[in-house]
Amino acid sequence: MSPKKRRRKRKSVTLPEKGVPKEEIFKELKELKEQDVDWKSGKCFAYVYYYTDEHEEVIQKAHNMYFPTNALSPLAFPSLAKFESEIVSMAADLFHGNYKTCGNVTSGGTESILMAIKTYRDYYRKRKPEIKKPEVILPESVHAAFNKACHYFDVVPVYIPAGEETNWKADVDAFEAAINENTILGVGSACEFPRGGVDPIKKMAAIAKKNRISFHVDSCLGGYMLPFLEELGYEIPEFDFRVPGVTSMSADIHKYGMTPKGSSTLLYKRERIWKNQFHAYTEWMGGVYASPTMSGTRPGSIIAGAWAGMKQMGMDGYLQMAKQTKEATDKLIKEIDAKPELEVLGDPVMTVFSFRSVDDELEIFALGDVLKKKGWMLDKLQFPKALHCIVVPHQAEVVDDFLEVLDESIDYTKKHPELAQKGDAAMYGMMATLEKRDSLDRMVNGFLADQYKSR
Ligand SMILES: *Cc1c(COP(=O)(O)O)cnc(C)c1O
């Protein structure tokens with residue numbers, strides 16, 4: 001049968017002839033939601049950042065008040081432009097910028113990173129037109145969004161090691177050695193996603209400055225945690241605009257900033273760089289069209305929700321949130337690292353860490369599967385294989401429960417070595433060790449297509 005015929009034969013969802021009654025819609029939403037991970041129980045070490053019911057209520061109310069608005073036009077919605085510039089201003093203050101610090105609210109970390117790469121590409125096109133193939137130096141631990149950005153904007157990603165030899169941080173010597181006449185930008189993370197360590201930002205930014213290239217700090221994960229931990233007296237390596245040579249930062253409010261999903265901040269030290277982010281098309285029949293970021297239409301509800309969320313937290317709220325999360329994390333790290341079978345990797349400074357197995361009888365991904373069967377979700381990392389924990393505030397209440405389940409699960413996994421050859425453990429294990437990475441790309445893209453194919 002040809003693919004076309006098969007498609008016609010398959011029964012797929014079409015628009016209902018008549019509008020579905022709202023009761024039915026909500027019933028179906030509720031039912032389907034039950035298949036999703038139960039993040040509110042605290043059993044999910046990722047994806048959803050939640051603080052308190054009161055905080056949620058404030059965000060939701062602000063969100064609903066601004067529900068149908070569109071931030072595309074600051075002229076139609078000056079209130080949204082005000083919220084956005086105030087969010088940027090609050091962020092600039094937290095990251096020790098000054099009155100010159102500028103930037104935008106974007107739809108998330110990925111958009112912030114896409115925009116940063118595009119901005120520097122265009123800035124250097126004007127400033128150094130002799131560069132035909134601009135290069136960006138990335139530690140191998142840097143978020144995958146940088147690879148995506150380089151791919152989208154035709155910039156060459158040059159990876160440097162961030163391995164065990166340098167305690168899973170960017171290798172400073174390799175960074176310096178990678179700089180050549182085509183380099184436009186260096187990147188460091190605070191903190192990096194895989195192990196929660198902070199790259200040697202001060203050294204890297206100094207090298208960048210000396211070589212007259214720009215330097216971006218990716219604080220998507222740590223931006224709204226590290227400043228509060230520092231304020232609480234924890235020792236945090238300098239990572240923000242205080243560091244000479246740092247020219248821009250990305251920081252997600254929709255992670256530890258506790259704002260609605262679809263909000264992030266992107267800041268620049270200098271307006272002359274920032275302006276390269278914008279796009280204006282003045283010849284359009286639809287009128288003069290200008291926009292600061294990737295999106296055209298932008299939901300005002302998210303910006304209003306983010307503004308309200310940050311205001312409601314305030315410094316005291318964020319400090320409490322950070323303290324609670326950090327204490328829970330420290331206990332988890334201490335107990336996990338003390339287990340003879342497990343080892344916490346690197347130097348996690350905040351509330352993100354990962355651990356691997358140091359016991360031949362314990363396959364770490366199989367342990368992940370056993371935990372998942374018991375309702376606990378930890379993502380699987382590779383190079384080396386490890387399990388990942390992003391600790392969120394409301395998990396403070398479930399630390400002891402988790403440690404208990406972890407003990408049982410370690411025993412169970414060791415007694416069932418066959419689990420390593422089954423389920424997710426087998427699949428992720430294969431992916432982490434496969435030699436032919438090209439065929440893996442194709443396989444993963446096929447998987448993605450399957451997820452979103454019409455039903
Ligand atoms: C989450 C994250 C990103 C990407 O952000 P999204 O909001 O998921 O698009 C980038 N860098 C780091 C370090 C992150 O943790």
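Treat the numbers as computed from the prediction; the structure is a model and nothing was measured.
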Glu408, CD: over 12 other non-hydrogen atoms inside 6.0 angstrom: yes
Please tabulate, one pair per line, all N/O donor-acceptor pairs under 3.5 Å involving side-chain atoms of residues 328-342, not counting sequence neighbours.
{"residue": "Thr329", "atom": "OG1", "partner": "Thr325", "partner atom": "O", "Å": "2.7"}
{"residue": "Asp330", "atom": "OD1", "partner": "Lys326", "partner atom": "NZ", "Å": "3.1"}
{"residue": "Lys331", "atom": "NZ", "partner": "Asp400", "partner atom": "OD1", "Å": "2.7"}
{"residue": "Asp337", "atom": "OD1", "partner": "Val344", "partner atom": "N", "Å": "2.9"}
{"residue": "Lys339", "atom": "NZ", "partner": "Asp407", "partner atom": "OD1", "Å": "3.0"}
{"residue": "Glu341", "atom": "OE2", "partner": "Lys414", "partner atom": "NZ", "Å": "3.0"}

Flag, side chain of Asp171 to backbone of Pro161, donor-acceptor distance under 3.5 Å: no
Sidechain N-carboxylate O distance under 4.0 Å for Asp38, Lys43: no
Approximate separation, where rounding is to 0.5 Å, of Ile390 CD1 and Phe353 CZ: 11.0 Å
Listed once per pair and sorted, the side chain to side chain donor-acceptor pair (under 3.5 Å) pairs that draw on residues 125-140, sequence neighbours left out: Tyr123-Arg127, Lys126-Asn276, Glu135-Asn180
Lys33 vs Asp36, salt bridge (charged side-chain N to carboxylate O under 4.0 Å, His left out): CA-CA, chis, key distance, verdict: CA-CA 5 Å; Lys33 208 168 174 221; Asp36 297 343; over 6 Å; no
Under 3.5 Å: donor-acceptor pair, side chain of Glu404, backbone of Asp401: no
Donor-acceptor under 3.5 Å (Asp379 side chain, His388 main chain): no
Parallel, tilted or perpendicular: rings of His55 and Tyr51 (30°, 60°): perpendicular
Side-chain touch Tyr318/Pro227, heavy atoms, less than 4.5 angstrom: no
Note: Glu84-Arg298 ion pair, threshold 4.0 Å (strictly below): yes
Gap separating the CH2 atom of Trp39 from the OH atom of Tyr50, nearest 0.5 angstrom: 6.5 Å
Separation of Arg272 CZ from Lys100 NZ (nearest 0.5 Å): 9.0 Å
Within-4.5 Å side-chain heavy-atom neighbours: Gln395 and Cys389: no
Residues, nucleotides or ligands: over 12 heavy atoms within 6.0 Å of Asp154 CG: no
Basic-acidic side-chain contact under 4.0 Å: Asp369, Lys380: yes
Exceeds 12 heavy-atom contacts within 6.0 angstrom, atom CD of Glu31: yes
Lys261 NZ: over 12 foreign heavy atoms closer than 6.0 Å: yes
Side chain proximity check, Val243 to Val217, heavy atoms < 4.5 angstrom: no
Polar side-chain atom of Arg356 near backbone of Pro384 as donor-acceptor pair, under 3.5 Å: no
Audit row: Phe239, Val246, side-chain contact (heavy atoms from CB on, under 4.5 Å) steps and yes/no: CA-CA 8 Å; Phe239 71 99; Val246 170; over 6 Å; no
Phe278, CZ: over 12 other non-hydrogen atoms inside 6.0 angstrom: yes
Side-chain (Thr247) to main-chain (Phe215) donor-acceptor, under 3.5 angstrom: yes
Pairs flagged by side chain to side chain donor-acceptor pair (under 3.5 Å) wherever residues 421-437 is involved - sequence neighbours left out: Lys372-Asp424
Separation between OG of Ser219 and CD1 of Ile201, rounded to the nearest 0.5 Å: 7.0 Å
Stepwise ring pair (Phe, Tyr, Trp, His ring centres under 6.0 Å) check, Phe95 with Tyr224: CA-CA 9 Å; Phe95 305 137; Tyr224 295 91; 5.5 Å; yes
Pair His216, Ser248: side-chain N/O donor-acceptor within cut-off below 3.5 Å: yes
Other residues, nucleotides, ligands: >12 heavy atoms within 6.0 Å of Glu235 CD: no
Any donor-acceptor pair under 3.5 Å from Thr259 side chain to His254 backbone: yes
Phe383 atom CZ, over 12 foreign heavy atoms within 6.0 Å: yes
Donor-acceptor contact below 3.5 Å, side chain Asn211 vs main chain Ile213: no
Any donor-acceptor N/O pair, Ser250 side chain to Ile113 backbone, under 3.5 Å: no
Val370 side chain near Lys374 side chain, heavy-atom distance below 4.5 Å: yes
Expected output: side-chain Asp218 to main-chain Cys220 donor-acceptor under 3.5 Å: yes
Criterion side-chain contact (heavy atoms from CB on, under 4.5 Å) on Met310 and Glu86, from CA distance to verdict: CA-CA 10 Å; Met310 289 176 85; Glu86 288 190 10; over 6 Å; no
Chi angles and distances behind the side-chain contact (heavy atoms from CB on, under 4.5 Å) call for Ile207, Phe175: CA-CA 8 Å; Ile207 293 168; Phe175 177 63; 4.0 Å; yes
CZ-OH distance between Phe241 and Tyr268, expressed to the nearest 0.5 angstrom: 10.0 Å
Thr351 and Tyr256 side chains, donor-acceptor separation under 3.5 Å: yes
Beyond-backbone contact of Met225 with Lys255, side-chain heavy atoms, under 4.5 angstrom: no
Gln277 side chain near Leu266 side chain, heavy-atom distance below 4.5 Å: yes
Check: Ser354 side chain, Pro194 main-chain N or O, donor-acceptor pair, under 3.5 Å: yes
Contact check, side chains of Tyr124 and Pro134, non-hydrogen atoms, under 4.5 Å: no
Candidate pair Lys210 and Glu176, rule side-chain contact (heavy atoms from CB on, under 4.5 Å), full reasoning: CA-CA 10 Å; Lys210 194 177 79 188; Glu176 187 153 27; 3.0 Å; yes
Gap between atom CD1 of Ile364 and atom OG of Ser357 - 0.5 Å precision: 5.5 Å
Between Thr106 and Thr293: side-chain donor-acceptor atoms closer than 3.5 Å: no
Flag for His143-Ser189: side-chain donor and acceptor within less than 3.5 Å: no
